[in-house]
Amino acid sequence: MAHNAHLDHRNPLVFDTHELGRRPGALQRLTRTVPAPTDLGLKGVIGVPEGAPVELELRLESVMEGVLVTGTARAQAEGECVRCLEPVELELEADFQEMFSYPDADDRGRVIAEPGDDAEDDEDRLFLEDGLFDLEPLLRDAVVLALPMQPVCREDCAGLCSECGARLADDPDHHHDAVDIRWAALQGLAGTMSDGEKDEMSGAEPGVDEKQEK
C-alpha cells in the first residue's frame, strides 16, 4: 500500500482534512497559491519554473473510505518550440481528481480483498496520514497530462532551414540553389584529376616529352 510518509503540515502542498470530521457528505472548498516544486512538467521540454505561482482550487469531499479531492491548477508554463527553438510560454490549466483513503478504510465497511485480489489497484492507492494528504504527486501527473509533448510557438511555425539553420519565419523567401548531385560529382572528379590522367585522356603517354616523341 502506498502510505504517505512523515507529511509536514508546513509544506504548501500538504492539506489538512480534519475540518471534515470524517462525516460522509461534508464538503470543504479551498483556494491557495503555492510555489511550483522543482521539475513540474516535462523535463527538458516544457514545464512550470520552480517557485512560479500555481493557483489551486480544491474541493474536498468526505466519503466512507476517505476524502475525495477534486481540483484545478493554473500556472504559466515555459519551454522551447520544437520547430524553431524559440521560447514558448502558455497558460496551463490542469484538472485532477483522486481519492485519499483512511488508513483503516477496510475496517469502515470496505470489502477486504482476498490475498492477491486487486493487488495492483491496492498498490496505487493514496492514503491520508493523520488527516493530511500530499497533493504534489497528483499535481505532477495532472500537469504532465495537460502539457503538449511537442510545444510550438505557433501552429504554422515553419521551423529552421535544414541546410543552414536559419529561422524561416524571419525570411519567408529563404532558399538555397539546388545542385544536381550528378553534376556535382563530375565537377569534383574533374577538379581532382592529375596531369597524368589528363594526358591519358588526350592520347599522350604519361611522362613522355613531346620533343622526345619527335
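Just so it is clear, the structure is predicted and the values come from calculations on it, not from any experiment.
Pro12 has its side chain within reach of Pro35: a pair of non-hydrogen atoms, C-beta onward, lies under 4.5 Å apart. Looking only at side-chain heavy atoms (C-beta outward), Thr31 and Leu56 stay at 4.5 Å or farther from each other. For the pair Leu27 and Leu60, the minimum side-chain heavy-atom distance is 4.5 Å or more. With a 4.5 Å cut-off on side-chain heavy atoms, Val63 and Pro24 do not count as touching. Within the 4.5 Å cutoff, side-chain heavy atoms of Arg32 are placed close to those of Phe15. Residues Leu92 and Val48 form a side-chain contact, since some pair of their non-hydrogen atoms from C-beta on lies under 4.5 Å apart.
The backbone N or O of Thr17 sits nowhere less than 3.5 Å from a side-chain atom of Gln28 that would complete a donor-acceptor pair. Listed for the Asp16 side chain is a donor-acceptor partner under 3.5 Å among the backbone atoms of His18. The closest donor-acceptor contact from the side chain of Arg22 to the backbone of Met64 lies at 3.5 Å or more, if one exists at all. The closest donor-acceptor contact from the side chain of Ser62 to the backbone of Arg23 lies under 3.5 Å. Side-chain atoms of Glu129 come within 3.5 Å of backbone N or O of Leu7 as a donor-acceptor pair.
Between Ala73 and Leu139 the shortest heavy-atom distance is CB-CD1, 3.5 Å. In terms of heavy atoms, Ala75 sits closest to Val54 at CB-CG2, 4.1 Å. Contact between Pro37 and Glu136 at its shortest, heavy atoms only, is CB-OE2, 3.8 Å. Looking at every heavy atom in both residues, Val45 comes nearest to Met149 through CG1-O, 3.6 Å. Heavy-atom minimum distance, Phe100 versus Phe133: CD2-CB, 3.5 Å. Contact record, Leu147 with Gly41: CD1-CA, 3.7 Å, taken as the closest heavy-atom pair.
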key: side-chain contact (heavy atoms from CB on, under 4.5 Å) between Thr72 and Leu58, intermediate numbers included   = CA-CA 7 Å; Thr72 300; Leu58 303 178; over 6 Å; no
query = When you look at Arg74 and Glu91, which way does the side-chain contact (heavy atoms from CB on, under 4.5 Å) test go after all the steps?
reply = CA-CA 7 Å; Arg74 297 182 180 87; Glu91 294 298 322; over 6 Å; no
inquiry  = Could you go through Thr70 and Gln97, starting from their C-alpha distance and side-chain angles, then the distance that decides it, and tell me whether this counts as side chain to side chain donor-acceptor pair (under 3.5 Å)?
reply    = CA-CA 4 Å; Thr70 305; Gln97 184 176 70; 2.9 Å; yes
request  = Go through Val14 and Leu135 one step at a time and tell me if the side-chain contact (heavy atoms from CB on, under 4.5 Å) criterion holds.
outcome  = CA-CA 6 Å; Val14 170; Leu135 188 67; over 6 Å; no
request  = May I have the step-by-step check of side-chain contact (heavy atoms from CB on, under 4.5 Å) for Val88 and Glu80, ending in yes or no?
outcome  = CA-CA 5 Å; Val88 171; Glu80 189 177 79; 5.8 Å; no
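By the 6.0 Å contact criterion, CG on Asp130 is open, its count of non-hydrogen atoms from other residues, nucleotides or ligands being 12 or less. Around atom CD of Glu19, no more than 12 heavy atoms belonging to other residues, nucleotides or ligands sit under 6.0 Å away. In the displayed structure, Gln76 atom CD is contacted under 6.0 Å by more than 12 heavy atoms of other residues, nucleotides or ligands.
Taking SG of Cys153 as the reference point, atom CG of Leu90 lies at 12.0 Å (rounded to 0.5 Å). Separating the CZ atom in Arg125 from the OG atom in Ser101 is a distance of 4.0 Å, to the nearest 0.5 Å. Here CZ of Phe127 is found 11.0 Å from CE of Met99. Values are rounded to the nearest 0.5 Å.
The existence of a salt bridge linking Arg29 and Glu57 is excluded, since no basic side-chain nitrogen approaches an acidic carboxylate oxygen closer than 4.0 Å.
Judged by the 6.0 Å distance and 45° axis criteria, Arg140 is not positioned over the aromatic ring of Phe96.
Under the side chain to side chain donor-acceptor pair (under 3.5 Å) criterion, Glu50 pairs with no residue, sequence neighbours left out.
Hydrophobic side-chain contacts under 4.5 Å tie Val152 into a cluster, directly or through other members, with Val82.
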